Trainee: 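The structure that follows is given in the form of structure tokens.
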Number of protein chains: 2
Amino acid sequence: METIHLKDFYQRGDQVFLPHVSVDCVIFGFHENQLKVLLLKWKGGQWCLPGGFVKHEESVDDSAVRTLEERTGLDHIYLRQFYTFGHPNREKGKKIPDARSWVNKRFISIGYYALVEFSKVNPQPDILSTECRWWDINKVPALIYDHKEIIKKALESLRMDLNDHPVGYNLLQEKFTMPELQRLYETILDESLDRRNFQKRMLALEIFERLKERRTGGAHKAPYLYRFDKKKYERALKQGLKQGW
Amino acid sequence: METIHLKDFYQRGDQVFLPHVSVDCVIFGFHENQLKVLLLKWKGGQWCLPGGFVKHEESVDDSAVRTLEERTGLDHIYLRQFYTFGHPNREKGKKIPDARSWVNKRFISIGYYALVEFSKVNPQPDILSTECRWWDINKVPALIYDHKEIIKKALESLRMDLNDHPVGYNLLQEKFTMPELQRLYETILDESLDRRNFQKRMLALEIFERLKERRTGGAHKAPYLYRFDKKKYERALKQGLKQGW
DNA sequence: ATTCATTGTGTATATTGGACGCAATAGTAC
DNA sequence: GTACTATTGCGTCCAATATACACAATGAAT
């Protein structure tokens, strides 16, 4: 994409990308007890979700992965498709410089959300934007199109998924404490949880490994550090990780 | 669609429909204690899911609704988008008569599943097919493209949704008995449930109205008839219909 | 050494879920 | 009509789980 000139992109992008189909990514991060989303500042001045288009021979998933890698500098990101947005007027107020461009048509957008380790991300704008940075989930600015609705639905999906898929650790550093994991859950779910019951519940999943290290430096008793244990996780999955019925 | 000639559809359908975007519907029915799906016999001879294309000014949801109404003769059907399929080779072996047609390109397909009352459906083939009929979910024939995978994912989604959304009644007639509802759940979930606990659990939802009538004619004690009560349902939804956390 | 917020672990209670008992009932057999 | 049988409606008991809460241990600050 870097080698494509903007003019070419507008005029002949449809030779590379499928028309009418786009991908939008809601990239979640967690920093200073706040849930964040990564947004781009569109050259028109407004903010929007990082997204992209699907190459003619590329899978939609891969398109999302490519967008993610380009915006964050990371790979192997936790990614999940959650909904496809297809209202004909979802891009109300669309303003594309080149009126005749293929980009100036109606688009169906496939929504993905991603969970990333905040501190590792190196935000990079794309060729259509001038800035890329984190926003507090409660303070996102006005966004183009239906992107606010997409974020809303992504958060709802994440909350639902959290019930039966303990994926929250993807938002934390490799080693983390139970209090840190709890703050994360509380922030995502927007409610406070009992410290002791939370710990019991998480440990009952048997997908974390407790290290001998502790997080020192805090003003009080040093909590243990934990690490996600993929082997334990896969074993737990096979046993059926607590689901309905 | 009926007024469109097949030749026009292949040659100029892209003036009406978005290229590269399709909708596939997994229509579930329930009959004689069997879960059924409605399939079409493609003119090439193979079977496939009922589906369609999205008009330029039409929402994707509406496209699914249109397909549903055309294939079943019903409206106000319970419908849910569950996944979008976007692998570039998902239509391996595609054989479109007109090789140059827009239909002969790659398609992204948005998957919906529908729950319908079996006895009310009047199956209708579309212009690309010669036959439309129900198939037992366990006996579906070879299907084109990735349609078998789509059915599989639809069933998984239905099973998941059933945990927190008691939508099963959509598959039954207006009045039904608890044993009938239980057979339905057992069929969808593919496991047997305790009769008494099932009844307790369903009635605890407080979304059904028990009628004074009973289902007579059976060889034994006549069970009560129940009916879905939308007002109760919406009240229950507001109270939070049993979810995690 | 004392203080204090925080952590690790445990218990007591309430709620839910699953296994099962039993009387009532609608048809069948005689 | 009477006895029989499979099914239904309603209930109880026990285990599993979830929730509320108690208390000692810890580590930095004073």
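The structure presented is a predicted model; accordingly, all values stated were derived computationally and were not measured. Naming: A, B, ... by sequence-line order, numbering from 1 per chain.
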Trainee: Quick one: B:Asp194 CG to D:dG9 C1', roughly how many Å, whole number?
Mentor: 13 Å
Trainee: Would you say B:Arg90 and B:Tyr145 are linked by a side-chain donor-acceptor pair, where the criterion is simply a distance under 3.5 Å?
Mentor: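 Absent: no donor and acceptor within the cut-off.
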Trainee: For a ring pair (Phe, Tyr, Trp, His ring centres under 6.0 Å) check, start with the C-alpha distance between B:Tyr233 and B:Phe228, then their side-chain angles and the critical distance, and finish with the verdict.
Mentor: CA-CA 8 Å; B:Tyr233 178 65; B:Phe228 172 70; 5.4 Å; yes
Trainee: Look at A:Glu209 together with A:Arg227 and state whether they make a salt bridge at an N to O cut-off of under 4.0 Å.
Mentor: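 A salt bridge links A:Glu209 with A:Arg227.
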Trainee: May I ask you to check whether over 12 heavy atoms, not counting those of A:Glu131, lie within 6.0 Å of atom CD?
Mentor: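 Yes, because the 6.0 Å sphere around CD of A:Glu131 holds more than 12 heavy atoms from other groups.
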Trainee: Give the residues of residues 218-229 of chain B touching DNA chain D, defined as any heavy atom closer than 4.0 Å, sorted by residue number.
Mentor: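 Those residues whose heavy atoms fall under 4.0 Å from DNA chain D, taken from residues 218-229 of chain B in numerical order, are B:His220, B:Lys221, B:Pro223, B:Tyr224.
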Trainee: A:Asn163 has an atom CG; how far is it from atom C1' of D:dA18, in whole Å?
Mentor: 14 Å
Trainee: Specify the separation, in whole Å, of atom CD of A:Gln182 and atom P of D:dT19.
Mentor: 13 Å
Trainee: Identify, between A:Gly217 and A:Arg195, the residue whose nearest nucleotide on DNA chain D lies closer to the 5' end.
Mentor: A:Arg195
Trainee: Quick one, A:Lys153 with A:Asp24, criterion salt bridge (charged side-chain N to carboxylate O under 4.0 Å, His left out). Give me CA distance, side-chain angles, the key distance, then yes/no.
Mentor: CA-CA 12 Å; A:Lys153 195 136 189 165; A:Asp24 281 310; over 6 Å; no
Trainee: Determine whether A:Lys231 and A:Asp229 satisfy the following criterion, salt bridge (charged side-chain N to carboxylate O under 4.0 Å, His left out), listing intermediate values before the conclusion.
Mentor: CA-CA 6 Å; A:Lys231 284 181 189 170; A:Asp229 187 325; over 6 Å; no
Trainee: Using whole Å, report how far CG of B:Leu203 lies from C1' of D:dG9.
Mentor: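 Atom-to-atom, B:Leu203 to D:dG9, this comes out as 10 Å.
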Trainee: Polar-atom pairs under 3.5 Å, protein N or O versus N or O of nucleotides 10-16 of chain C: list them with distances, or write none.
Mentor:
{"residue": "C:dT11", "atom": "O4", "partner": "A:Lys200", "partner atom": "NZ", "Å": "3.0"}

Trainee: In whole angstrom, what separates B:Leu193's CG from C:dC20's P?
Mentor: 15 Å
Trainee: Could you list the residues that satisfy ring-ring contact (aromatic ring centres under 6.0 Å, His included) with B:Phe118, not counting sequence neighbours?
Mentor: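 By the ring-ring contact (aromatic ring centres under 6.0 Å, His included) rule, B:Phe118 matches B:His31, B:Trp134.
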Trainee: Within the pair B:Gln199 and D:dG9, is there a side-chain N or O less than 4.0 Å away from OP1 or OP2?
Mentor: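 Checking D:dG9 against B:Gln199, a side-chain N or O does come within under 4.0 Å of OP1 or OP2.
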Trainee: Could you state the CE-C1' distance from B:Met202 to D:dG9, rounded to the nearest angstrom?
Mentor: 17 Å
Trainee: Can you sort out the partners of A:His220 under ring-ring contact (aromatic ring centres under 6.0 Å, His included), two or more places apart, ordered by chain and number?
Mentor: none
Trainee: Who pairs with A:Trp42 by ring-ring contact (aromatic ring centres under 6.0 Å, His included), at least two apart in sequence or on another chain?
Mentor: none
Trainee: Which whole-number value in Å describes the distance from B:Arg215 CZ to D:dG9 P?
Mentor: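 Value for this atom pair: 12 Å.
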Trainee: I'd like to know whether the aromatic ring centres of B:Phe28 and B:Phe30 sit less than 6.0 Å apart in this structure.
Mentor: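 Not under 6.0 Å, so no.
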Trainee: Once you round it to whole Å, what is the distance between C1' of D:dA18 and CZ of A:Phe198?
Mentor: 15 Å
Trainee: It should be established whether B:Arg210 places a side-chain nitrogen or oxygen under 4.0 Å from OP1 or OP2 of nucleotide D:dC10.
Mentor: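 It does, given that an N or O in the side chain of B:Arg210 lies less than 4.0 Å from OP1 or OP2 of D:dC10.
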Trainee: B:Phe82 vs B:Tyr113 aromatic rings, parallel, tilted or perpendicular, using cut-offs 30° and 60°?
Mentor: tilted
Trainee: Which residues within residues 173-181 of chain B lie with some heavy atom under 4.0 Å of an atom in DNA chain D?
Mentor: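 Residues of residues 173-181 of chain B under 4.0 Å from DNA chain D: B:Pro179.
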